[in-house]
Enquirer: 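Take a look at this one; I'll ask things after.
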Amino acid sequence: MRLALNDRLFVLTGAGISAESGLATFRGSGGLWNGYRVEDVATPEAWRTDPELVWRFYSMRRRDALAAQPNAGHIAIAEIEQKLADRFYLCTQNVDDLHERAGSQRIHHMHGTLFQSRCVHCNATFPDKALYEAAVKLPKCPKCGALVRPHIVWFGEVPLDMEDIYRELDRTTILLVVGTSGSVYPAAGFVQVANQRGIRTIYVGPEEPLNADAFDEIILGSATEVLPTLTGPDR
Ligand code: OAD
Ligand code: ZN
């Protein structure tokens with residue numbers, strides 16, 4: 001990926017970048033959405049109907065993420081950031097913290113973060129690594145005592161940082177998309193926005209995403225195979 005001195009790189013990642021760290025993707029075989037129905041664990045309605053089930057689901061995901069380690073794909077992205085500094089922007093759909101643990105700093109979690117919780121009443125958010133599984137008391141807000149939910153964007157809710165994300169897409173020159181099936185909007189639409197602005201678009205993943213036609217270049221391979229090859233200055 002040849003980068004000129006005035007190039008700005010916008011990286012979008014999905015569940016695929018954490019797959020080789022042992023975290024399930026959503027729609028692949030053995031994916032999260034095979035074991036659980038979205039409607040039961042990832043919607044505001046699910047939360048109103050059965051907050052314990054929702055907390056069991058996200059506690060399972062917290063446990064898995066705590067046991068996982070960043071892989072060569074996460075590390076390569078952190079290295080590219082170091083080289084490009086403020087000419088770099090990372091937007092992830094992932095809620096795990098593997099990018100941060102690999103050293104990424106300029107990161108935006110558009111679907112929220114696993115290790116934060118939020119009060120349903122006063123909206124206070126706070127760091128939280130606790131597991132709320134079978135029959136334990138659900139968490140209460142330290143400020144107002146109301147029920148606390150995972151700080152995750154559920155279906156039907158508005159993703160975070162969207163203004164900042166579109167502002168950055170506006171001024172980027174290269175869009176690199178890694179490990180996402182292109183089935184969930186607005187993230188799946190970033191490539192179309194990039195095309196309208198004549199931005200170069202590259203996809204990295206072992207199979208073509210649903211929006212493959214929109215990309216200038218598709219590099220088929222896993223994140224740990226391909227991303228380290230993109231960090232060299234002359235590539
Ligand atoms: P998906 O599970 O839909 O897609 C994962 C993608 O990763 C697939 O396209 C795979 O080809 C690719 N992949 C698998 N292994 C890989 C590897 N080793 N290296 C690189 N790529 C690999 O997950 P997402 O597209 O991230 O949202 O899902 C998007 C959103 O849907 C999630 O953020 C979540 C989910 O429902 C919400 O919950 C709001
Ligand atoms: Zn509160």
Side-chain angles (χ1 to χ4, degrees), residues 11-44 46-47 54 57-58 61 68 70-77 91-96 98-99 108-114 117-126 128 138-160 162 176-191 202-212 215 218-230:
V11 179
L12 171 69
T13 63
I17 197 165
S18 296
E20 294 163 277
S21 296
L23 296 185
T25 62
F26 292 90
R27 294 169 188 84
S29 60
L32 285 166
W33 295 155
N34 304 340
Y36 288 85
R37 289 177 347 120
V38 167
E39 305 82 79
D40 296 341
V41 292
T43 63
W47 172 252
V54 171
F57 174 69
Y58 285 101
R61 296 188 61 195
N71 62 49
H74 297 107
I75 293 163
I77 299 249
C91 173
T92 186
Q93 299 168 85
N94 301 346
V95 295
D96 66 58
L98 296 181
H99 277 301
H108 302 263
H109 287 268
M110 67 183 291
H111 291 162
T113 48
L114 208 45
S117 294
R118 186 170 86 232
C119 171
V120 297
H121 178 66
C122 73
N123 249 352
T125 57
F126 47 96
D128 184 7
L138 292 184
K140 292 286 184 312
C141 174
K143 289 200 175 142
C144 74
L147 198 55
V148 157
R149 57 170 273 179
H151 183 49
I152 302 277
V153 176
W154 288 325
F155 285 90
E157 296 184 323
V158 180
L160 309 174
M162 288 315 294
L176 172 65
V177 178
V178 182
T180 180
S181 56
S183 51
V184 174
Y185 285 76
F190 290 178
V191 63
I202 305 166
Y203 180 79
V204 172
E207 58 197 338
E208 296 215 336
L210 294 176
N211 52 2
F215 286 92
I218 301 240
I219 306 174
L220 290 181
S222 78
T224 62
E225 283 162 3
V226 175
L227 294 178
T229 70
L230 299 183

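In this text the structure is predicted, and so the values were computed from the model without any measurement. Every number for a ligand or one of its atoms is a count from 1 in the order of the listing. Position 1 is the first residue of the sequence; numbering continues from there.
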Enquirer: For Ala187 versus Leu12, what's the shortest heavy-atom pair and its separation?
Expert: O-CD2, 3.8 Å
Enquirer: What closest approach, in Å, do Val120 and Trp47 show between heavy atoms, and which atom pair accounts for it?
Expert: CG1-NE1, 3.8 Å
Enquirer: Quick one: are Pro150 and Asp128 in side-chain contact, heavy atoms under 4.5 Å?
Expert: no
Enquirer: Students should find this: residues with any non-hydrogen atom under 4.0 Å from ligand 1. What is the answer?
Expert: Gly14, Ala15, Gly16, Ala19, Glu20, Thr25, Phe26, Arg27, Trp33, Gln93, His111, Val153, Phe155, Gly179, Thr180, Ser181, Val184, Tyr203, Gly205, Pro206, Glu207, Ser222, Ala223
Enquirer: Output yes when a side-chain donor or acceptor of Asp96 lies under 3.5 Å from a complementary backbone atom of Leu114, and no otherwise.
Expert: no
Enquirer: Between Ser18 and His99, does any side-chain donor sit less than 3.5 Å from a side-chain acceptor?
Expert: no
Enquirer: Around the Zn ion (ligand 2), how many protein N, O or S atoms are there at under 2.8 Å?
Expert: 4
Enquirer: Would one find more than 12 heavy atoms of other residues, nucleotides or ligands at under 6.0 Å from atom NZ of Lys140?
Expert: yes
Enquirer: What I'd like to find out is whether the side chain of Ile202 reaches to under 4.5 Å of the side chain of Leu230, using heavy atoms alone.
Expert: no
Enquirer: On a heavy-atom basis, which atom in Gln93 and which in Gly14 lie closest, and how many Å separate them?
Expert: NE2-CA, 3.9 Å
Enquirer: Would you mind reporting whether Phe190 and Val177 have side-chain heavy atoms less than 4.5 Å apart?
Expert: no
